[in-house]
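This report concerns only the one structure given below.
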Amino acid sequence: MVPAETPVSFIPMAGVAEGGGWCSTEVRPISDSHKGYTLFRRGDVIVAKITPCFENGKVALLTGLESVFGLGSTEFHILRAKPGNDPRFVYHWTRHPDFLRAGEASMTGSAGQRRVPAAFFDRFEVVETDGNEQPLIADILDAIDKTIMEIDALIAKLRTVRLGIVDDLLTRGLNSTGSPRGSTELVLTEAGTRPASWKVSPLGCFVPRAEYGTNLSMGDLREGLPVLRMNNIQDGEFDLSDLRYAPTPAVERFRLQKNDVLFNRTNSWEHVGKAAIWRRDEAGPAFASYLVRLHCGNELLPKFLHLWLNWAPVQRAIRQFATPGVQQVNINPTNLRRAVIAMPDTIDEQQAIVNRVDAIAATIDHHRGERGKLANLRNGLRDDLLTGRVPLVEVREAAE
């Protein structure tokens, strides 16, 4: 019998990662199970019931619980492996696309409140796998998951390092030897402490023109010229995964050219002010009217402008120019050009700063590429091994 006030791990829905895994430091007394929270134990697999959490793969294997028991959101199903079966094998099945598709198709309830019924787990069939093979299959998939997690941790660390480097470079710059300037070379300016040699002026002095995108309604066209919208700017780069189209002749003049910088003038408060740069040699998509193309003069490198616009202190500063709309806020380009920029007085130093940041960005992109390859390998092996399409012995022989 467990005392009512025994502290146990508590896992909210937000503590479960999309794609699998969990992280929570919250603790509650086990007596809270009487309040309706889901009670589970170490080794169980939890699966989100409700849309869109289920479809997004919010599942977790609870092997890392500090206590034997735990509590969680009422929106979890609990799966417990029967004797002779490996709970890790069950966990990997809950991440299989066939499982997720079948669960989604079985949902009941109204829109926004649809849930996977408990009966689904009784109906869903998997290929019978020998109990001795289950741990071996789980070992293979676990090993790939572990490597992916290590790469994720490395990428997160590199992103933090990048932020520190950007902070340093945009406040101290680089001297003629390629080293950050010392404090004796810095002075207090309208933009903060910056190198004495830098130019400090309203952005409009270096960006003479801002060009609005097309206001043409795209409708449901599936051909023509792709048109970028505000959701196509993510983390300072263009995301081309969800595009609308417009007749090419009508939007040709809005096509992006290499090093064009787009600024998101209208969005929600937390997203307005995003910026991205077109890095490819070939002409790119057109852009919609919620975005503006910033034309740099000869003294400002577009890549430096892009770096500056995405710097957190600048993001906070330019949002002060935002004016409220019906559901969104707007930063008029005229007001944007009033923002004070501090920038190196030479193109060479601007380029040197960009090169430093690009070097670490290239390292991050390399690791992302490696992660993508591993994820594809894991997904392929998961499908082959869990469905029995490829016998385990063949996979092991290929690996050797």
Side-chain angles (χ1 to χ4, degrees), residues 52 202-311 314-315 318-339 341 354 358 361 365:
L203 182 62
C205 296
F206 312 107
V207 177
R209 190 162 66 93
E211 177 188 2
Y212 287 82
T214 177
N215 57 9
L216 185 70
S217 177
M218 267 75 75
D220 294 322
L221 285 178
R222 295 300 176 191
E223 57 183 16
L225 193 64
V227 179
L228 297 167
R229 296 165 293 146
M230 54 190 178
N231 64 301
N232 295 119
I233 296 180
Q234 301 290 338
D235 294 326
E237 301 295 338
F238 289 114
D239 178 356
L240 306 181
S241 61
D242 179 22
L243 293 169
R244 296 286 181 86
Y245 293 81
T248 300
V251 295
E252 181 69 36
R253 71 183 183 89
F254 297 104
R255 293 193 72 175
L256 294 181
Q257 304 300 321
K258 185 173 183 179
N259 291 329
D260 276 353
V261 176
L262 288 190
F263 175 81
N264 180 201
R265 67 179 182 89
T266 303
N267 209 322
S268 61
W269 173 263
E270 63 271 20
H271 293 129
V272 72
K274 300 184 295 182
I277 187 168
W278 186 252
R279 301 181 185 276
R280 303 183 187 182
D281 291 328
E282 68 273 15
F287 59 100
S289 59
Y290 285 164
L291 306 172
V292 292
R293 175 159 43 194
L294 301 178
H295 293 266
C296 294
N298 295 331
E299 298 176 273
L300 177 58
L301 199 66
K303 288 184 178 180
F304 185 87
L305 172 62
H306 168 251
L307 183 63
W308 179 80
L309 284 170
N310 284 293
W311 188 28
V314 172
Q315 287 276 300
I318 61 180
R319 285 193 183 112
Q320 302 309 309
F321 295 112
T323 55
V326 178
Q327 292 182 319
Q328 298 174 319
V329 297
N330 178 68
I331 299 176
N332 187 287
T334 300
N335 289 333
L336 172 65
R337 293 169 65 239
R338 289 166 45 202
I341 182 174
V354 168
D358 282 353
D365 286 343

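Just so you know, residue 1 is the first one in the sequence shown, and it goes up from there.
- Using a distance-only test at 3.5 Å, with no hydrogens or angles considered, a donor-acceptor pair links the side chain of R319 to the main chain of W269.
- No side-chain donor-acceptor contact under 3.5 Å links E211 to the backbone of L294.
- Residues C296 and F304 form no side-chain contact, since every pair of their non-hydrogen atoms from C-beta on lies 4.5 Å or further apart.
- Applying the side chain to side chain donor-acceptor pair (under 3.5 Å) test to W311 and every residue at least two apart in sequence or in another chain returns D167.
- I277 has its side chain out of reach of L305: every pair of non-hydrogen atoms, C-beta onward, lies at least 4.5 Å apart.
- Annotation: the span from Q320 atom CD to I331 atom CD1 amounts to 9.5 Å, rounded to 0.5 Å.
- Here the shortest heavy-atom pairing between F238 and L228 reads CE2-CD1, 3.6 Å.
- Put simply, the side chain of R229 reaches to within 4.5 Å of the side chain of D242, judged on heavy atoms.
- Heavy atoms only, all atoms of each residue included: V251 and A286 are closest at O-CB, 3.7 Å.
- Here the side chains of C205 and I341 are not in contact, with every heavy-atom distance at 4.5 Å or above.
- Considering only heavy atoms from C-beta on, N232 stays 4.5 Å or farther from L291 through its side chain.
- Using modelled atom types, one side-chain atom of R255 and one backbone atom of G284 make a donor-acceptor pair closer than 3.5 Å.
- Residues V227 and A288 come closest through the heavy atom pair CG1-N, 3.7 Å.
- With a 4.5 Å cut-off on side-chain heavy atoms, V272 and Q328 do not count as touching.
- Atom CD of E282 is surrounded by more than 12 heavy atoms from other residues, nucleotides or ligands within 6.0 Å.
- With rounding to the nearest 0.5 angstrom, the CG atom of L256 is 10.5 Å from the CZ atom of R280.
- Take D239 and apply the salt bridge (Lys or Arg N to Asp or Glu O under 4.0 Å) test, not counting sequence neighbours, and it matches no residue.
- Summarising the geometry of A250 relative to L216, their closest heavy-atom pair is CB-CD2, 3.8 Å, with the distance given to 0.1 Å.
- Considering only residues two or more places apart in sequence or on other chains, A361 meets the side-chain contact (heavy atoms from CB on, under 4.5 Å) condition with none of them.
- Once rounded to the nearest 0.5 Å, the distance linking CG of N259 with CH2 of W278 reads 12.0 Å.
- Heavy-atom minimum distance, N330 versus T266: OD1-OG1, 2.8 Å.
- Using a 4.5 Å heavy-atom threshold, the side chains of N332 and T323 count as separate.
- Closest approach of I318 to A339, counting heavy atoms only: CG2-CB, 4.1 Å.
- A distance of 5.5 Å separates CZ of F287 from CG of L262, quoted to the nearest 0.5 Å.
- Partners of D235 by salt bridge (Lys or Arg N to Asp or Glu O under 4.0 Å), not counting sequence neighbours: none found.
- If you take OH on Y290 and CG on N215, they are separated by 10.5 Å, rounding to the nearest 0.5 Å.
- Applying the salt bridge (Lys or Arg N to Asp or Glu O under 4.0 Å) definition to pairs two or more places apart or across chains, those involving residues 259-270 are D260-R293.
- For R279, the salt bridge (Lys or Arg N to Asp or Glu O under 4.0 Å) partners two or more places apart in sequence, or in a different chain, are E237.
- To the nearest 0.5 Å, atoms NZ (K274) and CG (N267) are separated by 5.0 Å.
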